[in-house]
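Single-structure report; data block below.
Chain naming here is simple, since letters A, B, ... match the order of the sequence lines and numbering starts at 1 in each.
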2 protein chains.
Amino acid sequence: MTTTATVPSLTRDAERLNDALGELLRVVQFRDRDRACCYDVSVSQCYALKSVVEAEGLSVNDLAAALFLDKSTASRIANSLVDKRYVARTRDPEDGRVVQLVATPAGAAMSARIEADTTGEYAELLEGFGPEVRTALIELVGWLGRRFAAGVEVSGGSCCVVK
Amino acid sequence: MTTTATVPSLTRDAERLNDALGELLRVVQFRDRDRACCYDVSVSQCYALKSVVEAEGLSVNDLAAALFLDKSTASRIANSLVDKRYVARTRDPEDGRVVQLVATPAGAAMSARIEADTTGEYAELLEGFGPEVRTALIELVGWLGRRFAAGVEVSGGSCCVVK
DNA sequence: ACATATTGTTGCGTATGACAACTACCGCCA
DNA sequence: TGGCGGTAGTTGTCATACGCAACAATATGT
């Protein structure tokens, strides 16, 4: 901001990052939509199932936070997974309000199958790179996600209502 | 594949990239949903408007291809933008079948406003880095998108139906 | 014990997107 | 030149996805 010479370059880079991320977003969404037909779960169900498998005993609120969704949406996704017998709903004995979501064996198996297939694709993608480039790529993508998440949290989830 | 020692590392990297990309995807989707309320357009309308502004005279099929959507969906999004007077539909004089989508002044202005706001955020994000790191980040994200797009094209948009 | 806060569920409206059927138009070719 | 297959777009229909608001059930603090 202080030096005028770097500003155009920074702005240009920002535009290009925006474009590249938008493209990546769309193609990944498309891929996910497309691949969902291969399995017994929809895209959002797939992500939710993965969250439940990874953090056994997740509450509905936790699930909503993990997926950046409203708790009502999370509740319904959990419901759909329970209907498919991939997840079981139990009550927390400590706190009668909270629900604990646990993956059933079938759910864990399905998640593992999807995970293995996906990981295989990513492995192909990364094959051509050395370990240090792969690590750098992962770090950068992870950093981007965390930065966005931080930005989202400060705004409280309401960009323009909250000043 | 030949050396057993590198395989676990590659698989591990693939998993981590999957996780990081999933997280990034979700948070960006959330941010987009959240920010859509600031403007007069929905998320998909925003992307479509941007495409139309950048490639004046886009056909509906082109729009669908650019956004990785079905042509019917693209047609309806175009319709909604026409309803809002952000885009005009004209017929190609060369080929009576194709529609040419052109942004109206209001559409271009809205797109520019959104673009400026978004770019500002990205600029903040990139501020801390030197130009070479910024370029590397952009290249990597762009490369990822292209690789996914290539993978999507070979499968023809039907992952498991086509063998 | 009661007011208040928190967890989760449900009603409702909207957005998003695919598939299939249909119309309109193009170009080819007999 | 008149039909025929192919292509561009539109529309009907359906399913999923998501948020907000209202609500019930439970927990907690005074």
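- Residue A:Ser42 places at least one side-chain N or O closer than 4.0 Å to OP1 or OP2 of D:dA17.
- As a whole-Å value, the separation of B:Leu25 CG from D:dC18 P is 11 Å.
- Between the side chain of B:Arg76 and the base of D:dG12, at least one donor-acceptor pair of N or O atoms lies under 3.5 Å.
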For a quick test of your reading: what N or O donor-acceptor pairs under 3.5 Å do the side chains of residues 70-77 of chain A make, sequence neighbours left out?
unit_1, atom_1, unit_2, atom_2, d
A:Asp70, OD2, A:Ser72, N, 2.9
A:Asp70, OD2, A:Ser72, OG, 2.6

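- Every residue was checked against the ring-ring contact (aromatic ring centres under 6.0 Å, His included) condition with A:Tyr47, not counting sequence neighbours, and none meets it.
- A:Phe148 and B:Tyr122 have perpendicular rings, their planes meeting at more than 60° on a 0 to 90° scale where under 30° would count as parallel.
- Donor-acceptor pairing under 3.5 Å, judged by distance alone, is present between the side chain of B:Ser72 and the base of C:dC19.
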Write down the protein N/O and nucleotide N/O pairs, taken from nucleotides 22-29 of chain C, whose separation is under 3.5 Å; answer none if there are no such pairs.
unit_1, atom_1, unit_2, atom_2, d
C:dC26, OP1, B:Gly96, N, 2.8

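- In this structure, CG of A:Asp70 is placed 12 Å from C1' of C:dT10, rounded to the nearest angstrom.
- Remark: B:Val53 pairs with B:Leu49, B:Ala103, B:Ser111 by the side-chain contact (heavy atoms from CB on, under 4.5 Å) rule, at least two apart or across chains.
- An OP1 or OP2 oxygen of D:dA8 is reached within less than 4.0 angstrom by no side-chain nitrogen or oxygen of B:Ser59.
- A straight line from CG of B:Leu101 to P of D:dA8 spans 14 Å, rounded to a whole angstrom.
- A:Ser59 meets the side-chain hydrogen bond (donor to acceptor under 3.5 Å, both in side chains) test with A:Asp62; sequence neighbours excluded.
- Following rounding to the nearest Å, B:Phe68 (CZ) and C:dT16 (P) show an atom-to-atom distance of 18 Å.
- When all heavy atoms of A:Val133 and A:Phe129 are compared, the pair lying nearest together is CG1-CD2, 3.8 Å.
- Atom P of nucleotide D:dC18 and atom CG of A:Leu63 are separated by 11 Å, given to the nearest angstrom.
- Among the atoms of the strands shown, base atoms are found under 4.0 Å from some heavy atom of B:Thr73.
- In this structure, B:Arg26 places its CZ atom 13 Å from P of D:dG19, rounding to the nearest Å.
- Scanning all heavy atoms of the two residues, the minimum distance from B:Ile114 to B:Cys46 falls at CG2-SG, 3.9 Å.
- Rounded to an integer number of Å, the gap from OH of B:Tyr47 to P of C:dA15 is 17 Å.
- Here the nucleotide nearest the side chain of B:Arg33, chosen from C:dG8, D:dT11, D:dG19, is D:dG19.
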Quick one: side chains of residues 83-92 of chain A, donor-acceptor pairs under 3.5 Å with protein atoms, not counting sequence neighbours, listed by atom name and distance.
unit_1, atom_1, unit_2, atom_2, d
A:Lys84, NZ, A:Asp40, O, 2.5
A:Lys84, NZ, A:Gln45, OE1, 3.4
A:Tyr86, OH, A:Asp40, OD2, 2.9
A:Arg89, NH1, A:Asn79, OD1, 3.2
A:Arg89, NH2, A:Asn79, OD1, 3.4
A:Thr90, OG1, A:Gln100, O, 3.3
A:Arg91, NH1, A:Gly96, O, 3.1
A:Arg91, NH1, A:Arg97, O, 2.8
A:Asp92, OD1, A:Glu94, N, 2.7

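- For A:Val60, taking side-chain heavy atoms from C-beta onward, the closest of the listed nucleotides D:dG9, C:dT9, C:dG17 is C:dT9.
- Checking D:dG9, C:dA18, D:dT10 against the side-chain heavy atoms of B:Val98 singles out D:dG9 as nearest.
- Between B:Val99 and A:Leu69, the residue anchored nearer the 5' end of DNA chain D, judged by the nucleotide with its closest heavy atom, is B:Val99.
- Between the CG atom of B:Asp62 and the C1' atom of D:dT7 there is a distance of 13 Å, given to the nearest Å.
- Remark: A:Asn61 is not in phosphate contact with C:dT6, judged by side-chain N or O atoms under 4.0 Å from OP1 or OP2.
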